[in-house]
Number of protein chains: 2
Amino acid sequence: MEATRWLDEHQDRAWRGYRRMRRLLDLELARELTQDASLSEPDYDVLSDLSETPQGRLRLSELADRMLWSRSRLSHHLTRMQQRGLVTREECPDDARGAMVVLTPAGRDAIEAAAPGHVTAVRQHFLDLLTPAEVEALGAFTHRVVDHLAQNRAPRPRRGREG
Amino acid sequence: MEATRWLDEHQDRAWRGYRRMRRLLDLELARELTQDASLSEPDYDVLSDLSETPQGRLRLSELADRMLWSRSRLSHHLTRMQQRGLVTREECPDDARGAMVVLTPAGRDAIEAAAPGHVTAVRQHFLDLLTPAEVEALGAFTHRVVDHLAQNRAPRPRRGREG
DNA sequence: CTACGGTCGATGACATGTCAACGAATCCGC
DNA sequence: GCGGATTCGTTGACATGTCATCGACCGTAG
């Protein structure tokens with residue numbers, strides 16, 4: 001039973017700041033998105049990921065993996081977005097089990113209308129408040145942490161790995 | 001209609017890294033908390049804030065403000081935690097409208113049992129992966145962003161401000 | 001081909017968070 | 001003290017996310 005190493009003054013300040021910033025930033029970005037574009041953050045993320053693909057379409061499981069969502073969550077959310085006319089489902093030609101999510105024209109309009117304001121808000125409330133060195137540091141350590149966390153997670157070996 | 005200033009390469013990398021790190025870190029921390037202590041992150045936060053007060057008790061609205069939660073959310077959540085025996089409600093002596101949230105012995109046991117593992121996880125998956133300079137930078141810019149965002153938010157002037 | 005284990009996406013039950021509305025109590029100018 | 005505006009916490013309806021399970025389909029060994 002090792003003695004717990006608590007956070008020192010600097011770490012504690014960083015950790016509390018991080019959590020508080022997250023919460024406030026989420027609230028503000030969500031508020032502006034809802035008000036200006038009638039989209040939630042999850043809506044925006046779905047549309048954004050779809051719009052970054054050449055065809056505006058993705059396999060459902062592929063989108064779920066990119067977003068780090070469960071398939072169930074994505075399926076439910078798409079049902080709601082479909083009812084609002086932002087996306088549709090199509091059959092998957094390769095795999096009869098599968099489904100494709102497709103951006104509708106209305107969906108593309110929505111993300112194109114929302115994006116400028118959202119990016120501006122991200123700048124205004126976050127990135128533009130950081131020095132270039134801080135932005136660089138943020139990019140560096142977040143990717144380092146992501147790589148570390150990704151290792152612990154569901155490897156997807158089609159074939160056996162070590163051994 | 002100004003032309004939108006999109007994110008440059010560095011900002012884009014930082015912003016994507018930030019969002020991905022958040023998601024992965026949340027998943028991992030929540031997973032460990034649930035497994036090791038049968039607590040959700042919101043549970044932990046409530047217990048943590050309460051345990052940091054001298055009496056283990058807080059006015060409900062005070063706790064909601066600290067956590068940046070709506071009163072409604074807190075009230076619902078406390079009802080659930082109360083059913084599990086982690087907290088209780090008491091009448092507020094000063095204000096007959098109000099209520100106090102009080103940590104029960106079981107609640108204190110729960111947070112004290114959960115804290116070492118949680119702090120260790122925060123170190124292991126996050127803070128210990130940062131250099132001291134990065135921790136310092138994180139503390140600096142998060143607090144800067146928080147201050148900025150706090151200005152836009154619900155000022156609580158008992159008396160009129162400008163004008 | 002057939003059987004079997006795994007993947008895919010959907011679904012229903014349930015947990016959690018949001019929003020608007022409410023009754024009770026307080027504040028405050030009169 | 002009176003009375004209207006405001007604050008407090010709760011509540012119910014609804015939106016969203018999680019979890020276990022399902023039928024359909026795929027890949028492959030036999």
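Naming: A, B, ... by sequence-line order, numbering from 1 per chain. All heavy atoms count here, side chains included; hydrogens, waters and symmetry mates do not.
Going from atom CZ of A/R89 over to atom CD of A/Q82 covers 5.0 Å, rounded to the nearest 0.5 Å.
Checking C/dT26, C/dG9, D/dT10 against the side-chain heavy atoms of B/A96 singles out C/dT26 as nearest.
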* What string of B, S and - do you get for nucleotides 11-19 of chain D 5' to 3' if you count protein non-hydrogen atoms under 4.0 Å? -> BB---SSBB
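In this model, the phosphate group of C/dG23 is not approached by any side-chain N or O of B/R97 to a distance below 4.0 Å at OP1 or OP2.
One can place CG of B/D94 at 15 Å from C1' of C/dC27, the figure rounded to the nearest angstrom. Rounded to whole Å, the distance from CG on A/L60 to P on D/dC25 is 17 Å. Counting to the nearest Å, the P atom of C/dA25 and the CZ atom of B/R59 are 13 Å from each other. Summarising the geometry, the separation between CG on A/L58 and P on C/dC8 is reported as 14 Å, rounded to the nearest angstrom.
Shown here are the salt bridge (charged side-chain N to carboxylate O under 4.0 Å, His left out) partners of A/R59, two or more places apart in sequence or in another chain: A/D95.
Side chains of A/Y18 and B/R22 form a contact here, defined as non-hydrogen atoms less than 4.5 Å apart. With contacts defined as side-chain heavy-atom distances shorter than 4.5 Å, the pair A/E9/A/R13 does not qualify. Side chains of B/F141 and B/L138 form a contact here, defined as non-hydrogen atoms less than 4.5 Å apart.
Ring geometry for B/H118 against B/Y44 counts as tilted: the plane angle lies between 30° and 60°, on a 0 to 90° scale. Relative orientation of the A/H77 and A/W69 rings is perpendicular, given thresholds of 30° and 60° on the angle between their planes.
Of the two residues contacting DNA chain D, namely A/D95 and B/L74, the nearest-nucleotide position lying further toward the 5' end is that of B/L74.
Over its full length, the helix from C/dC1-D/dG30 to C/dC30-D/dG1 turns its helical axis through 20°, comparing axes from the five pairs at each end and rounding to 10°.
Between B/V146 and A/G17, the closest heavy-atom pair is CG2-O, 4.1 Å.
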